[in-house]
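The structure appears right after this line, and notes come after that.
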2 protein chains.
Amino acid sequence: MDRKVQKEVGAMLTAKGAATRQRIIEGTSAEVRERGAAATTLDDVRARTSTSKSQIFHYFPGGKEELLLAVAAYEAERVLSDQEPFLSALTSWEAWHNWRDRVVERYRTLGVHCPLGVLITELGRKTPAAQALTAQLLERWQERLRAGVAAMQRIGEIDPGLDADRTAASLIAAVQGGVAVLLSTGRADHLEAALDTTLDLLKSSGRRTPELLHVGASGDPT
Amino acid sequence: MDRKVQKEVGAMLTAKGAATRQRIIEGTSAEVRERGAAATTLDDVRARTSTSKSQIFHYFPGGKEELLLAVAAYEAERVLSDQEPFLSALTSWEAWHNWRDRVVERYRTLGVHCPLGVLITELGRKTPAAQALTAQLLERWQERLRAGVAAMQRIGEIDPGLDADRTAASLIAAVQGGVAVLLSTGRADHLEAALDTTLDLLKSSGRRTPELLHVGASGDPT
DNA sequence: TTCCTTCTGGACCTTGCGGTCCACTTTACC
DNA sequence: GGTAAAGTGGACCGCAAGGTCCAGAAGGAA
């Protein structure tokens with residue numbers, strides 16, 4: 001078996017080459033988080049990763065655009081994996097709250113340096129490829145949430161009359177909106193409020209189903 | 001009385017000057033909506049507004065940064081005024097739905113060319129002045145929504161136990177999140193879903209108050 | 001060892017764009 | 001109508017930053 005690794009048609013990478021390529025991606029990723037995509041220059045990347053211009057263009061012939069796209073894909077993968085294991089097992093309210101806490105804590109820590117936010121807002125609008133990548137990420141994310149909602153509906157904790165996909169969409173919007181506000185003001189209040197509010201709706205919808213009805217305790221938002 | 005208009009200390013504008021200044025702002029605003037702030041060059045502005053470099057720097061000595069800040073302020077004003085008269089009279093569910101329709105329709109029309117989104121995401125992160133402007137806009141917006149929630153609480157349509165400010169915050173997040181998704185995918189589904197979901201929660205919370213209790217009809221989300 | 005491919009370093013080119021300068025015109029007030 | 005301030009046009013500058021090129025080093029298969 002060949003020790004060289006095939007990247008795509010016609011492109012071979014040695015172990016050393018693959019390492020360099022990865023180093024460039026991760027260095028760029030860090031740079032983008034700190035300064036934004038537009039403000040990140042190839043010279044910054046070159047300095048940070050101890051490489052040279054020729055290497056960047058060797059591994060990313062499309063130049064800066066191709067590099068940023070690779071970084072976006074790299075980050076997109078992390079967005080979902082960072083929410084595990086909670087995201088894949090939203091089968092109890094405890095799991096949902098753990099997920100909520102994970103999301104809030106992650107973005108609170110990242111603050112302005114949210115990788116996805118940066119890439120979505122700076123790349124998504126111009127590059128069709130980046131836009132497709134974003135759309136695909138959101139779809140996968142939403143599908144996980146939809147599955148979680150459906151699971152809760154099955155055990156009677158969420159009103160079966162609700163549209164699971166639409167509900168998942170509004171959860172996505174809650175997160176994205178909270179992050180948007182966080183990015184522009186530095187405060188995570190909206191993120192928490194939006195998630196809590198939406199989760200409260202889901203909880204109370206379950207309580208309202210006939211067989212489990214026990215009204216009176218109107219979901220305390222604190 | 002002087003025909004010249006005082007702008008700030010030491011700066012006088014004739015009617016002609018004021019008109020030119022305004023033309024520059026509006027032209028830049030349009031350019032930014034179409035291409036983004038970073039991609040908008042002073043030459044674009046110059047061509048579009050039939051002016052010259054010297055005029056831009058005459059009216060905005062701080063260069064591009066000052067110009068964009070002026071545009072941001074101009075747009076921020078429009079964001080709220082575009083939601084009138086609904087935003088200031090959220091005293092019935094009809095008013096709330098009219099407001100919701102106005103927001104959805106506006107952003108659906110604007111699509112990728114959302115002025116606030118562009119400015120928040122491209123300027124907010126770097127310029128402290130722009131960030132302050134954004135924060136202030138969100139605060140004013142949230143205060144209007146908070147007042148609306150409080151009004152509905154007073155007439156028993158929303159659970160008085162809810163934190164009005166926190167609820168308003170989650171509505172803000174719903175809008176911002178929907179817009180964020182719209183910006184990166186071109187679809188307004190999330191915006192609608194998030195607003196509808198949140199409004200449903202508020203409605204059902206009112207229904208749950210003791211004196212108005214008539215359970216069974218679990219808020220149909222369609 | 002030999003030969004081919006991949007990898008690396010860095011000088012160099014090109015261009016786009018923010019910003020400057022200065023001469024000239026128009027407006028406003030006396 | 002004179003004069004000073006405000007408004008206007010456009011040539012020009014400097015530099016940052018993306019991108020090119022080529023010579024040479026390192027690595028792998030025979």
Side-chain angles (χ1 to χ4, degrees), chain A residues 1-25 27-28 31-32 35-71 122-123 126-127, chain B residues 1-25 27-28 31-32 35-71 122-123 126-127:
Chain A
M1 187 155 174
D2 222 321
R3 297 229 9 225
K4 292 181 182 176
V5 177
Q6 181 152 22
K7 198 185 77 184
E8 23 185 281
V9 184
M12 295 295 242
L13 290 181
T14 65
K16 193 179 179 186
T20 300
R21 189 186 137 95
Q22 189 59 24
R23 201 169 77 245
I24 292 175
I25 289 183
T28 307
E31 204 73 19
V32 166
R35 316 151 63 111
T40 294
T41 73
L42 295 187
D43 269 331
D44 292 335
V45 173
R46 192 189 49 67
R48 179 170 206 137
T49 60
S50 301
T51 52
S52 64
K53 277 278 188 71
S54 69
Q55 297 182 68
I56 297 178
F57 280 86
H58 179 67
Y59 296 108
F60 306 93
K64 191 180 185 183
E65 187 172 321
E66 185 178 341
L67 172 58
L68 287 179
L69 192 61
V71 170
E122 292 193 56
L123 294 188
K126 40 187 261 192
T127 319
Chain B
M1 188 159 175
D2 222 323
R3 297 231 5 225
K4 291 180 182 176
V5 178
Q6 181 151 23
K7 198 184 75 183
E8 22 185 282
V9 184
M12 295 297 243
L13 291 180
T14 66
K16 193 179 180 186
T20 300
R21 190 186 137 94
Q22 188 60 24
R23 199 169 79 246
I24 292 175
I25 289 183
T28 307
E31 205 72 20
V32 166
R35 315 152 64 112
T40 294
T41 73
L42 295 186
D43 268 332
D44 292 335
V45 173
R46 192 189 49 68
R48 178 169 205 138
T49 61
S50 300
T51 52
S52 64
K53 278 279 188 69
S54 69
Q55 296 182 68
I56 297 178
F57 281 84
H58 180 67
Y59 295 109
F60 306 93
K64 192 180 185 183
E65 187 172 319
E66 185 178 343
L67 173 58
L68 287 179
L69 192 61
V71 170
E122 291 193 55
L123 293 188
K126 41 187 258 190
T127 321

Under 4.0 Å, counting only non-hydrogen atoms across every strand here, what does K53(B) touch: a base, just sugar-phosphate, or nothing?
base
Drop me the distance from S52(B)'s OG to L42(B)'s CG, to the nearest 0.5 angstrom.
11.5 Å
Please give, in whole Å, the distance from dT8(C) C1' to F60(A) CZ?
15 Å
Could you tell me the separation between the OG1 atom of T49(B) and the CD atom of Q55(B), rounded to the nearest 0.5 Å?
7.5 Å
Residues in residues 37-45 of chain B with a heavy atom under 4.0 Å of DNA chain C, by number, are T40(B), T41(B), L42(B)
Atom-to-atom span, CD of E66(A) to P of dG18(D) - whole angstrom
15 Å
Measuring from F57(A):CZ to E66(A):CD, what's the distance to the nearest 0.5 Å?
10.0 Å
Nearest whole Å is fine: how far is dT8(D) C1' from R23(B) CZ?
11 Å
So, taking the atom named CZ in R48(A) and the one named OG1 in T40(A), what distance separates them when rounded to the nearest 0.5 Å?
9.0 Å
Taking the side chain of L13(B) as its heavy atoms from C-beta onward, which of dG7(D), dT8(C), dG9(D) lies nearest to it?
dG7(D)
Rounded to the nearest 0.5 Å, what separates atom OG1 in T20(B) from atom OH in Y59(B)?
4.5 Å
pair K53(A)-D43(A): side-chain heavy atoms closer than 4.5 Å:
yes
Round to the nearest Å and state the distance from K16(B) atom NZ to dG7(D) atom C1'.
6 Å
With a 4.0 Å limit, can you tell me whether Y59(B) has a side-chain N or O closer than that to the phosphate oxygens OP1/OP2 of dA6(D)?
no
Once you round it to whole Å, what is the distance between C1' of dT8(C) and CZ of R21(A)?
17 Å
With respect to the phosphate group of dT8(C), does any side-chain polar atom (N or O) of T51(A) fall under 4.0 Å of OP1 or OP2?
no
Indicate whether OP1 or OP2 belonging to dG18(D) is found under 4.0 Å from a side-chain N or O atom of K64(A).
yes
Looking at dG9(C), does its base get a donor-acceptor pair with the side chain of S54(A) below 3.5 Å?
yes
So, OP1 or OP2 of dT26(C): does either fall under 4.0 Å of a side-chain N or O from T14(B)?
no
State, with a plain yes or no, whether a side-chain heavy atom of I56(A) is found less than 4.5 Å away from one of T28(A).
no
Using whole Å, what does the distance between atom C1' of nucleotide dG18(C) and atom NE2 of H58(B) come to?
19 Å
When the distance from CG of L68(A) to C1' of dA17(D) is rounded to whole Å, what number comes out?
14 Å
Does a side-chain N or O from Q55(B) land closer than 4.0 Å to OP1 or OP2 of dT8(D), or not?
yes
Nearest-Å distance, CD1 (I56(B)) to P (dC17(C))?
13 Å
